[in-house]
A.B. asks: 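Input: one structure, supplied below.
We name chains A, B, ... by the order of the sequence lines, and we start the count at 1 in each one.
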Amino acid sequence: MTTEGKTKAEARIDRYDPAAIEKKWQERWEADALYVARDDDPRPKWYALTMFPYTSGDLHIGHWFAMAPSDTQARYRRMRGHNVMFPIGFDAFGLPAENAAIKQNIHPSKWTFDNVDRMRGQLRSMGASFDWSREVNTATPDYYRWTQWWFLQFLKSNLAYRALAPAWWCPGCQTVLANEQVVGDGECERCGSPVSKKDLEQWFFRITRYADELLDCEGIEWPEQIRLMQRNWIGRSEGLDVGFDLDVPGVEAKEIRVFTTRPDTIYGVTFMVLAPEHPLVEKITTPEQRAAVDEYVRETRRQSEIERLSTEKEKSGVFTGAYVTNRFNGERVPVWIADYVLLTYGTGAVMGVPAHDERDFAFALKYGLPVIPVLARADGVSKSFSPAGTMKDGFTGALTEAGISFEEANGHVMVTLEERQAGVYEQIAREHLAPGSWTEIVGNRWRFIFEDGALELDSMEADRRILDRCKALQPSVAKARTVMEMLNGVPFYRDVLFHTDYTAMIHSRELSGTPGGRAIPETIAFAEKRGWGRPTVTYRLRDWLISRQRYWGAPIPVVYCDRDGIVPVPESELPVLLPDDAEFRPTGESPLTYHQGFLNTLCPTCGGPARRETDTMDTFICSSWYQMRYVDPKNPERPFSREKAEKWLPVDQYTGGAEHAVMHLLYARFFTKAARDIGLLDHGEPFLRLFSQGQILGPDGQRMSKSRGNVIAPDEQVQKYGADTVRAYLMFLGPWDEGGPFDLSGISGIHRWLNRVWDLVQEPVATASLPHAPATRELRHQTHRTIRKVTDDIERFRFNTMLAALMEYTNYLARARDAGPVDAAAWTEAIEKLLLMLAPTAPHLAEEFWARTGRPYSIHTQTWPSWDPALVAEETVTLVVQVNGKVRDRLTVPASISEAEAREAATASEKVRPYVEGKIVGKVIYVPGRLVSIVVS
RNA sequence: GCCGAAGUGGCGGAAUAGGCAGACGCGACAGUCUCAAAAACUGUUGGGCCGCAAGGCCCGUGCCGGUUCGAUCCCGGCCUUCGGCACCA
């Protein structure tokens, strides 16, 4: 053994030296333009795309984690006979460049392009099959000229418009802040001042025009959870848009419109809530309420939306002093403002129906607003609680006689009623009421039973009447502001006071009795017939605010002229260049607003003096169409030629981080649909297949970022182990869609494995001609089953199990070699298939061996291996025998075993017998080729 | 908080049309080689118990409950972690 080991070591041609072979092959591939996708290649096209990196500085391990598997897939597609285009570029505009500019006193352009130079080198070291001839960079005038061109097309198509929108404003720095720059409890990250939202005129893209189409993911193969996230993001709801009469002297508006998905509850409206920023708030607020309202609006402007919408936070609001009238029942209800209502959703106003909405219920209890139930309970249950002394003697006896069950504790009587018992109960209760007391039935019915009759809680007026009478009778409820507040003090009632079920309407005038299934459509029809409202679809999705008060972005190509207003810059004058000499004030205010040469221009229409728009575009716009530019990256006339777009688009396989599941992917889909409607494309979806990989985190389990100081760079590992090892290790870590904390400790395992492959391929092997030996059949079986497994896994992006299968295969080959002479032909096949299967993952190593074993350059232009099903088939299977679900034996049986034989073999098992003997055998379950399960008792 | 995911040995993970839990790798331990170390190679490695041994038994996939002959997988309820929440990209 010892001497043999030495012989092997000596026989080794040389050691695995990744640094040497990787550089050599990268240069060769580059020189041969091996990965340049040709437009005239007759093979079927395959457009593989990995999300282009943001130019943040150094490439970190997360970039490799995203790109290496994408490259493996692209290489696999190439070997499957496709003309693969796998382009790369840089997402180069954005906030960090400006932060660097201020902090390090370096121009954003220099910072960005220096980063690009470094990243390009790091990307090349990966040995990915990128087509560098198509590189794009969104911050170059060649590119952003077309980003501006898109803006002009959107403007022409009425997909771009201007409106007021809030932005974070730091009063200390006198500047707009990004969400990211607001830290702690709403403070400016730079100066610490408390910040608040300020309204600015800004540009929007009308993405909501495509809301319904974006909901439809027909024809694209995307993961279900991504589609679901997009669906929830768009948030389509059907409902009623309905007016409430407003009559405030001096206010022009005569109604306030609300959107509701629950029109069936409209008779239960007891208040209305406006978003604090609703334009009517200012107008309808009464002088007495002015101060409180103003203060509340100010406070709301300091909050983020996440804070505002938190359902955990206690609801708050302020009364405006104004009232509106519900057209359905004439009820006059107060108008409040509350931060949980957003101006951007629906009409920015909601009707408060506390009896059938949890949030409204809490709001009503807090502020003493009445609660009027207008829907029956699904279970028909009502409750009645009669405190000790409320009822005369004989009450419980009468209940028993009537067959009504009850509980009694300390003299209190608690009754839970089915619907059919309610009438009888009311009769009994009334007859037994002690002088000066009352009782009530609540839940499905809402009856307040007094000595002289019963009152129904069916209106705000009834709420007051009932409450007044109760207070007169019982001083302990004097503090209650509403009937519901009084009832809420009885723990026995807690579970029947409100519900959100879709049930029959009550207390709803002519609509009372409408069953749950028809309540919503009938209420809508009722409103529509009278001209009070109309059926409406509302989306959570909002139009895309694209204005950024920043320097490092594509300038929005419009000018403002005193005579002609908003004038688009003519296409022939694009690009509107960013001035190189902009001054970066430490305040961070957009330098464009100070740059006279940029700011002052002439109106394209009248030639008179005009001002340029100084806002730039959201960088998500740059990344919404880059996949189109790759097909024709150098076109000086158009963003891309029609011919090339039709040749290459849409992207066949897109891969990228799960953090982009909603926004980027939704914006890109919107762009493609708009491009189609403008007449630039024939298709409406940019990415046919999507795979969303997980995010690689720092060793501490947090997102890698420079500020956290947990960034792991791949360079050192690449130097130590080579790119092939780093690539394979990242793919071996776990399922690609999961991500997780990054830990380097296992990388040596991959390196050891590649070293074993190195030895396996190069060391001499004792061969013979043994075509019929069982070992030869086994060798070929292993080869072919591995091909099938690796092919399946690579198709499904299961790279971790693909690598495990390859490791098992190499372990097997080493054992087969050591076991004695192997069949020459089968061994040659094994090594050849092994190299082909390794090529997409370890491209340099595979290429090196392909050459060393005298095979023709390049392995990356070879055909992916196929498997022979006859060789894959197993000859024997393990049959599991269970007794009462516990494994008692495992039998090796021929794969062709019949059911009868399997049952026979199972019952005959020595190990099974003790568990079956003396017991009654019930059913015996047989799963073909897998198990026999015997049930005994 | 809301939306989407994930919780399995010391660690990364494998196994889901409901059917052998822990593939593959790391680490650890033991050994070979070496003056020694590194590297490399070989073996063992979920926990507990019985047995000299061959071997056998019980428990075990975040927590609680359910369905089933059988649950990591399906259902109900929790807990924790991660991603997104519209100006980070």
A.B. asks: For nucleotides rC78(B) and rC88(B), find the distance between their C1' atoms and express it as a whole number of Å.
C.D. replies: 34 Å
A.B. asks: Think Asn800(A) has a side-chain N or O under 4.0 angstrom from the OP1 or OP2 of rA14(B)?
C.D. replies: yes
A.B. asks: Using the side-chain heavy atoms of Pro735(A), tell me which of these nucleotides is nearest: rG56(B), rC87(B), rG13(B).
C.D. replies: rG13(B)
A.B. asks: Distance check: side-chain N/O of Asn232(A) vs OP1/OP2 of rG4(B), anything under 4.0 Å?
C.D. replies: yes
A.B. asks: Counting just side-chain N and O atoms, does Lys923(A) come under 4.0 Å of either OP1 or OP2 of rC69(B)?
C.D. replies: yes
A.B. asks: Counting only distance, no hydrogens or angles, is the base of rC87(B) paired donor-acceptor with the side chain of Gln202(A) under 3.5 Å?
C.D. replies: yes
A.B. asks: Looking at rG84(B), rC87(B), rC69(B), which one has an atom nearest to any side-chain atom of Asn884(A)?
C.D. replies: rC69(B)
A.B. asks: Would you kindly compare Arg752(A) and Lys886(A) by the position of their nearest RNA chain B nucleotide and give the one closer to the 5′ end?
C.D. replies: Arg752(A)
A.B. asks: Whole Å only: how far is the CG atom of Asp543(A) from the C1' atom of rC87(B)?
C.D. replies: 16 Å
A.B. asks: Does any N or O donor sit under 3.5 Å from an N or O acceptor when you compare the side chain of Gln882(A) with the base of rG19(B)?
C.D. replies: yes
A.B. asks: Tell me the interatomic distance from Leu666(A), atom CG, to rA89(B), atom P, rounded to whole angstroms.
C.D. replies: 18 Å
A.B. asks: Let's test your reading of the model: under 3.5 Å, does the base of rC20(B) pair with the side chain of Arg930(A) as donor and acceptor?
C.D. replies: no
A.B. asks: Crowded around Lys919(A) NZ? As in, over 12 foreign heavy atoms under 6.0 Å?
C.D. replies: yes
A.B. asks: Looking only at the side chain of Ser748(A) (C-beta and beyond, no hydrogens), which of the listed nucleotides rA89(B), rC26(B), rG12(B) gets closest?
C.D. replies: rC26(B)
A.B. asks: For Arg548(A) and rC87(B), is the shortest distance between a side-chain N/O and OP1 or OP2 below 4.0 Å?
C.D. replies: yes
A.B. asks: Give a yes/no on whether any side-chain N or O of Tyr915(A) is located under 4.0 angstrom from OP1 or OP2 of rC57(B).
C.D. replies: yes
A.B. asks: Looking at the side chain of Thr311(A), which of rA86(B), rG1(B), rG12(B) is the nearest nucleotide?
C.D. replies: rG1(B)
A.B. asks: Are more than 12 heavy atoms, taken from residues, nucleotides or ligands other than Lys313(A), located less than 6.0 Å from that residue's NZ atom?
C.D. replies: yes
A.B. asks: Under the 6.0 Å and 45° cation-pi test, does Lys197(A) pair with Trp169(A)?
C.D. replies: no
A.B. asks: Which nucleotide sits closest to the side chain of Ile925(A): rG19(B), rA15(B), rC2(B)?
C.D. replies: rG19(B)
A.B. asks: Does the base of rC87(B) carry an N or O that pairs as donor and acceptor with the side chain of Gln549(A) under 3.5 Å?
C.D. replies: yes
A.B. asks: Could you check how far CG of Leu545(A) sits from C1' of rA86(B), rounded to whole Å?
C.D. replies: 9 Å
A.B. asks: Quick one: is the NZ or CZ of Arg669(A) closer than 6.0 Å to the six-membered ring centre of Trp233(A), and within 45° of its axis?
C.D. replies: no
A.B. asks: Of the nucleotides rG27(B), rC87(B), rC85(B), which has the atom closest to the Ala167(A) side chain?
C.D. replies: rC87(B)
A.B. asks: Glu224(A) or Leu697(A): which one's nearest nucleotide on RNA chain B is closer to the 5' end?
C.D. replies: Glu224(A)
A.B. asks: What is the pairing partner of rG19(B), taking Watson-Crick or G-U wobble pairs with both distances under 3.5 Å in any strand?
C.D. replies: rC69(B)
A.B. asks: What is the distance, rounded to the nearest whole Å, between atom CD1 of Ile226(A) and atom P of rG4(B)?
C.D. replies: 12 Å
A.B. asks: Starting at atom CZ of Arg798(A), determine the distance to atom P of rA14(B), rounded to an integer number of angstrom.
C.D. replies: 6 Å
A.B. asks: Between C1' on rG25(B) and CH2 on Trp753(A), what's the gap in Å once rounded to a whole number?
C.D. replies: 11 Å
A.B. asks: Ignoring the backbone of Gln225(A), work out which of rG4(B), rC11(B), rA21(B) is nearest its side chain.
C.D. replies: rG4(B)
A.B. asks: Could you check Tyr143(A) against Trp625(A) for ring-ring contact (aromatic ring centres under 6.0 Å, His included), going step by step and ending with a plain yes or no?
C.D. replies: CA-CA 10 Å; Tyr143(A) 188 94; Trp625(A) 72 280; 4.5 Å; yes
A.B. asks: What is the distance from CG of Asn811(A) to C1' of rU42(B), rounded to the nearest Å?
C.D. replies: 13 Å
A.B. asks: Roughly how many Å apart are rU44(B) and rG25(B), using the P atom of each and rounding to a whole number?
C.D. replies: 13 Å
A.B. asks: Distance check needed: rA14(B) C1' versus Met802(A) CE, whole Å only.
C.D. replies: 15 Å
A.B. asks: Under the ring-ring contact (aromatic ring centres under 6.0 Å, His included) criterion, do Phe52(A) and Phe90(A) qualify, and how do the steps go?
C.D. replies: CA-CA 6 Å; Phe52(A) 63 170; Phe90(A) 298 94; 8.3 Å; no
